[in-house]
Asker: 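Sending over a structure as structure tokens; questions will come in a sec.
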Amino acid sequence: MIPNQLVIVADAHLGAAPTSDEDALLAFLDELPARGDALLLAGDVFDYWFSYKRLIPRRNFRTAAAIAHLARRMPIWMIGGNHDRWGDSFWDADVGIRFDPHQLRGTLGGRELLAIHGDGLHEERPGASWMHRLTSSPTVIALYRFLHPDLGFWLADKMGHNLDFGVAHPDVVRAAAARQQAWATATLAKEPALGAVVMGHTHHPVAAEVRPGQWYVNPGAWLDGRRYALLTAEGASLHQYS
Ligand SMILES: [Mn+2]
């Protein structure tokens with residue numbers, strides 16, 4: 001294990017992405033202790049996830065199990081994205097990681113971090129903020145829980161998004177990525193004790209020291225060339241797993 005080296009992965013969209021992406025992620029998680037000593041999953045690893053009170057989805061079970069296995073060796077944080085926010089208490093209580101549907105802050109890998117997926121900060125396409133409010137509503141989540149899981153997942157698949165959106169609309173993604181970085185820079189200015197703000201969502205990789213000693217990191221998407229980021233005391237760097 002490399003001490004105080006944080007590995008960051010986001011936007012694998014497992015379930016919507018090809019199975020080969022999950023196979024690669026499993027191999028990456030197996031080797032992860034050679035790359036660092038802590039892991040941050042920055043949202044939308046699953047597309048999609050919903051924890052019921054007594055059930056979890058069978059799809060991408062291998063990755064959930066691999067995260068649980070790795071959690072016995074190193075601290076792991078996971079924030080929900082707009083496709084996997086509904087983790088309930090499963091990740092903390094049964095997997096042994098630290099999970100929050102929206103954001104986490106604290107010390108990980110030797111740095112003060114704020115991790116937030118980044119949806120809902122901006123209107124990246126029509127209906128995005130409306131969707132953010134709807135899918136974060138406790139009433140909607142409570143009602144959804146009463147649907148049979150097979151029906152619930154069928155509905156979620158119907159609402160599933162187009163993974164090629166970013167390729168088709170690079171200008172929209174660029175604008176959204178710029179808004180994310182502006183938000184991160186403003187937050188770092190307000191909170192000088194923070195060493196980094198980490199986001200995902202736009203699939204737009206960034207490792208920028210936006211203020212002295214303060215970094216904005218978006219690892220890019222695992223589904224887009226198996227991207228990940230490393231964050232150490234020296235700073236952040238972008239990588240691709242092969
Ligand atoms: Mn997202």
Side-chain angles (χ1 to χ4, degrees), residues 8-18 21-22 25 39-51 57 59-60 63-64 67 77-88 91 97 99-104 113-137 140-141 144 153 155-184 187 196-207 216-229 238:
I8 306 168
V9 177
D11 294 288
H13 291 275
L14 302 179
D21 279 356
E22 183 173 36
L25 183 60
L39 172 64
L40 170 57
L41 299 165
D44 287 349
V45 169
F46 300 94
D47 190 341
Y48 113 113
W49 186 277
F50 192 96
S51 299
R59 198 160 68 184
N60 309 119
T63 297
I67 293 169
W77 287 9
M78 180 160 79
I79 47 168
N82 47 313
H83 296 272
D84 59 2
R85 185 151 281 145
W86 308 277
D88 196 53
W91 296 106
I97 68 173
F99 173 81
D100 188 89
H102 295 285
Q103 60 170 278
L104 285 172
L113 295 184
L114 169 62
I116 176 169
H117 183 59
D119 62 303
L121 294 182
H122 45 72
E123 180 82 36
E124 75 263 39
R125 56 183 132 159
S129 78
W130 179 83
M131 265 307 277
H132 180 77
R133 277 202 298 276
L134 183 76
T135 55
S136 298
S137 151
V140 171
I141 294 168
Y144 184 89
F153 267 70
L155 265 176
D157 285 346
K158 286 280 163 207
M159 289 166 59
H161 77 311
N162 171 14
L163 289 177
D164 297 326
F165 181 85
V167 179
H169 304 279
D171 46 329
V172 177
V173 173
R174 252 195 312 276
R179 280 192 293 265
Q180 279 192 334
Q181 183 158 345
W183 187 93
T187 302
V197 168
V198 178
M199 290 194 218
H201 190 58
T202 49
H203 302 191
H204 186 84
V206 182
Y216 166 56
V217 186
N218 184 324
W222 183 263
L223 69 72
D224 172 28
R226 290 150 196 183
R227 294 176 191 278
Y228 67 98
L238 299 170

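Since the model is a prediction, treat every value here as computed from it, not as a measurement. Remember, it's 1-based here, ligands and their atoms both numbered in the order they're listed.
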Asker: Tell me the angle that OD1 of Asn82 and OD2 of Asp44 form around the Mn ion (ligand 1), rounded to 10°.
Answerer: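 With the Mn ion (ligand 1) as the vertex, the angle is close to 80°.
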Asker: Are Leu114 and Val198 packed together at the side-chain level, in the sense that at least one heavy-atom pair is separated by less than 4.5 angstrom?
Answerer: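 A side-chain contact under 4.5 Å is absent here.
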Asker: For Phe153 together with Tyr48, are the ring centres under 6.0 Å from each other?
Answerer: yes
Asker: Assert yes or no for the condition that the ring centre distance of Trp49 to Trp91 is strictly below 6.0 Å.
Answerer: yes
Asker: Write the atom name of the N, O or S atom in His201 that is nearest the Mn ion (ligand 1).
Answerer: ND1
Asker: Among the N, O or S atoms of His117, which one sits nearest to the Mn ion (ligand 1)?
Answerer: NE2
Asker: Taking salt bridge (charged side-chain N to carboxylate O under 4.0 Å, His left out) as the criterion, tell me which of Arg85, Arg133, Arg179 meets it with Asp119.
Answerer: Arg85
